[in-house]
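Everything below concerns the one structure shown next.
Each chain gets a letter, A, B and so on, in the order its sequence line appears, and its residues count up from 1.
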Amino acid sequence: METPTQQVYIEDLGKHDGQRVLLRGWLYNLRSSGKLHFLEVRDGTGIVQAVVFAKEVAPELFAAAGKLSQETSIEVEGTVRKHPKEGYEVGVSALRVVAAPTAEYPISPKEHGVAFLMDHRHLWLRSKRQHAILRIRAEIVRAVRDFFDGRGFTLVDAPIFTPSACEGTSNLFEVGYFEDKAYLTQSGQLYMEAAAMALGKVYCFGPTFRAEKSKTRRHLTEFWMVEPEVAYMDLAGDMQLAEDFICFIVQRVLERRRPELAVLERDVSKLENIKAPFPRITYEEALEILKAGGKEVPFGEDFGGDEETVISEKFDRPVLIHRYPRAIKAFYMKTDPTDARLALNVDVIAPEGYGEIIGGGQREDDLAVLEEQIKKHELPREAFEWFLDLRRYGSVPHAGFGLGIERTVSWLCGLHHVRETIPFPRMLERLTP
RNA sequence: UCCACCGUGGCCUAAUGGCAAGGCUCCCGGCUGUUAACCGGGCGGAUAGAGGUUCGACUCCUCUCGGUGGAGCCA
């Protein structure tokens with residue numbers, strides 16, 4: 001009497017060497033050589049080669065195996081053994097088709113263009129590369145939570161619907177809200193300030209939306225951001241937190257996602273370099289670097305992608321640039337008490353040209369100054385009355401930052417475009433699938 | 001919003017004023033260790049759409065649609 005064979009996931013095959021196992025998955029690719037077939041089977045945890053020998057199975061089974069088409073869902077029974085070259089393979093003894101594709105699978109294991117792949121994103125996710133990226137993304141998200149949870153932060157969810165802009169109304173998605181209008185959030189920032197006054201150390205983590213008509217490798221209209229905010233923390237503390245945070249994430253990915261980094265052919269030595277302390281330079285020092293690099297920028301202007309790349313190339317790890325001109329930063333940034341032209345903010349530029357991954361700083365805690373900034377930025381005062389309350393009732397120095405998940409994933413994975421870092425990217429000109 | 005480039009079988013490319021070519025997928029056949037397997041054969045498109053120049057347009061011009069990259073802006 002045979003006992004039912006136990007289902008085993010491909011990533012666990014090494015623990016079952018010599019045993020008979022059941023794989024349940026999909027056919028990734030098939031190679032055939034007359035009297036034997038090599039089935040590449042994937043099950044979500046990995047890919048393994050299943051070998052069908054003509055003389056080991058019934059002729060019908062052998063013939064059927066040779067006719068399987070790509071992405072047929074199949075159950076395979078067989079014995080785990082060492083692969084002649086590396087890892088493990090499964091010697092097939094039984095095979096069952098769960099469902100045969102009703103049409104030819106569009107994505108062959110050959111080259112395809114970006115537009116075609118994006119149109120088939122729902123299927124593209126099945127490929128090795130996308131599988132690796134999504135697993136690294138999940139690991140980064142887990143690291144984000146572990147970092148803050150492990151440091152006594154409280155997760156506080158910010159709303160998605162907001163009544164007005166955080167920093168101006170030009171680039172928000174407007175949606176109907178019963179008889180009224182609402183906007184999709186572009187930052188949980190202001191709400192985290194309120195939460196920090198209640199809970200001390202807080203963070204939010206969720207999607208944010210920008211209706212900016214940007215068509216670059218660094219932009220999505222919907223992306224995920226993690227935003228910590230801490231009461232009684234100043235700019236120096238904020239920079240320290242950002243540095244610790246990035247180191248933690250990079251370390252975690254190196255510890256747990258080596259195989260996925262290998263699939264992506266990521267140069268991990270570049271990531272192994274990412275150790276504290278990170279260089280900290282002022283905006284004005286950054287201007288000097290740009291001048292020396294032949295990219296002179298006048299005081300008062302922000303940096304574009306090219307400028308960020310020139311600066312990041314000077315260092316082998318993320319660089320913290322602090323104290324930008326007050327005028328080009330958000331209304332809630334605290335003015336530098338030692339130089340009123342500057343804000344107590346910090347941007348973190350990732351290495352290898354991946355651009356800004358963090359923006360943050362110390363917040364303006366003086367009621368009068370904040371009121372003046374709202375006026376200067378021509379923001380509707382009424383919408384910010386609740387925010388001003390935070391300064392009326394026990395205002396304290398506080399600081400925080402926002403880290404863009406997709407740019408971080410893109411950097412750690414060594415990708416060329418953020419669209420591959422999120423399962424279903426939302427971009428200008430792309431809302432499907 | 002602006003700038004540049006691209007659009008050729010299901011997919012990736014070639015042909016740049018003269019008979020639309022090749023590879024992959026797919027189908028048929030072969031091969032007992034393949035690795036985006038390989039070998040042989042077959043099916044499949046009148047070149048995104050409209051108009052124009054020309055004896056002749058995939059190729060040059062105009063417009064439209066779609067895509068890609070970048071600028072601005074940002075994470």
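Distances shorter than 4.0 Å separate some side-chain N or O of A/Arg419 from OP1 or OP2 on B/G69. Between B/U25 and A/Lys110, no contact under 4.0 Å exists linking OP1 or OP2 to a side-chain N or O.
Using a 4.0 Å heavy-atom criterion, one finds that A/Gly355 contacts no nucleic acid atom at all. Residue-level contact check: A/Asp347 touches neither bases nor backbone, having no heavy atom under 4.0 Å from any strand. A/Glu227 comes within contact range of no nucleotide atom at all, as no heavy-atom separation falls under 4.0 Å. Among the protein residues, A/Ile358 comes within range of the sugar-phosphate backbone only, with heavy atoms under 4.0 Å from sugar or phosphate atoms but none that close to a base. Backbone-only engagement by A/Phe116 is indicated by non-hydrogen atom pairs under 4.0 Å involving sugar-phosphate atoms exclusively. Residue-level contact check: A/Glu356 touches the backbone only, with heavy atoms under 4.0 Å from sugar-phosphate atoms and none from bases.
Taking the six-membered ring for Trp and thresholds of 30 and 60 degrees, A/Phe245 and A/Phe148 have ring planes inclined between 30 and 60 degrees apart. Using the six-membered ring where Trp is involved, A/Trp386 and A/Tyr191 have ring planes that are parallel, under 30° apart on the 30 and 60° scheme. A/Tyr324 and A/Tyr283 have tilted rings, their planes meeting at an angle from 30° to 60° on a 0 to 90° scale.
The CG-P distance, from A/Asp302 to B/A71, rounds to 13 Å in whole Å. For the pair A/Met427 CE and B/G69 C1', the interatomic distance rounds to 12 Å; values are reported in whole Å. What separates CZ of A/Arg42 from P of B/A36 is a distance of 18 Å, to the nearest Å. Between the CE atom of A/Met118 and the C1' atom of B/U68 there is a distance of 12 Å, rounded to whole Å. Taking atom CD of A/Glu212 as the reference point, atom C1' of B/G70 lies 15 Å away to the nearest angstrom. Rounded to an integer number of Å, the gap from A/Asp306 CG to B/C74 C1' is 15 Å. Separating the CD atom of A/Glu71 from the P atom of B/C11 is a distance of 18 Å, rounded to the nearest angstrom. Put simply, CD on A/Glu308 is 10 Å from P on B/A75, counting in whole angstrom units.
Across the C1' atoms, B/G7 and B/U64 are found 14 Å apart, a figure rounded to whole Å. B/G10 and B/C73 have their P atoms separated by 43 Å, given to the nearest Å. A gap of 28 Å separates the C1' atoms of B/C28 and B/A14, to the nearest Å. For the C1' atoms, the distance from B/U59 to B/A15 is 9 Å, rounded to whole Å. Comparing B/C39 with B/U47, their P atoms are spaced 32 Å from each other, to the whole Å. As rounded to the nearest Å, B/U8 and B/C58 have C1' atoms that lie 7 Å from one another. One P atom belongs to B/C38, the other to B/G23, and the distance between them is 12 Å to the nearest Å. Nucleotides B/C5 and B/C60 are separated by 12 Å at their P atoms, to the nearest Å.
In this structure, A/Gln373 CD and A/Leu379 CG are separated by 10.0 Å, a value rounded to the nearest 0.5 Å.
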Can you pull every protein N or O that's under 3.5 Å from an N or O on nucleotides 4-6 of chain B?
none

Counting only pairs under 3.5 Å, give me each side-chain donor-acceptor contact of residues 89-97 of chain A, with atom names and distances, residues two or more places apart or in other chains.
residue : atom : partner : partner atom : Å
A/Glu89 : OE1  : A/Gln49 : NE2          : 3.2
A/Glu89 : OE2  : A/Arg81 : NE           : 2.8
A/Glu89 : OE2  : A/Arg81 : NH2          : 3.1
A/Ser93 : OG   : A/Arg20 : NH1          : 2.9
A/Ser93 : OG   : A/Glu77 : O            : 3.3
A/Arg96 : NE   : A/Glu75 : OE1          : 3.2
A/Arg96 : NH2  : A/Glu75 : OE1          : 3.0

Distance-only donor-acceptor hits, side chain of residues 58-70 of chain A, under 3.5 Å, sequence neighbours excluded:
residue : atom : partner  : partner atom : Å
A/Gln70 : NE2  : A/Ile107 : O            : 3.0

List the atom pairs, donor and acceptor, that lie under 3.5 Å between side-chain atoms in residues 292-303 of chain A and the rest of the protein, sequence neighbours left out.
none

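Looking at A/Asp365 and A/Tyr332, their side chains never bring a donor and an acceptor atom within 3.5 Å of each other.
Comparing B/U34, B/A75, B/C12 by their closest approach to the side chain of A/Glu111 singles out B/C12. Distance from the side chain of A/His112 is smallest for B/C11 among the nucleotides B/C11, B/G70, B/A75. Across B/G69, B/C73, B/C11, the shortest atom-to-atom separation from the side chain of A/Arg218 is found for B/C73.
Ion pairing between A/Glu11 and A/Arg135 holds under the 4.0 Å rule for side-chain N and carboxylate O. Ion pair A/Glu40/A/Arg31 flagged as a salt bridge, since at least one NZ, NE, NH1 or NH2 atom sits closer than 4.0 Å to an Asp/Glu carboxylate oxygen.
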**Asked** Which letter, B, S or -, goes with each nucleotide of nucleotides 26-33 of chain B from 5' to 3', with contact meaning a protein heavy atom under 4.0 Å?
**Response** S----BBB

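Nucleotide B/C31 has no partner under the Watson-Crick or G-U criteria, as no pair reaches both atom distances under 3.5 Å. When Watson-Crick and G-U wobble pairs are counted only if both distances are under 3.5 Å, B/A4 pairs with B/U68. Nucleotide B/U53: unpaired (no Watson-Crick or G-U wobble partner with both distances less than 3.5 Å). Nucleotide B/C73: unpaired (no Watson-Crick or G-U wobble partner with both distances less than 3.5 Å). In this structure, B/A46 forms no base pair with any nucleotide, since neither Watson-Crick nor G-U wobble geometry is met with both distances under 3.5 Å.
Shown here are the side-chain hydrogen bond (donor to acceptor under 3.5 Å, both in side chains) partners of A/His37, two or more places apart in sequence or in another chain: A/Ser32.
For A/His219 against B/C74, a side-chain N or O and a base N or O form a donor-acceptor pair under 3.5 Å. Side-chain N/O atoms of A/Ser214 and base N/O atoms of B/C73 include a donor-acceptor pair closer than 3.5 Å.
Atom OH of A/Tyr88 has more than 12 heavy atoms from other residues, nucleotides or ligands within 6.0 Å.
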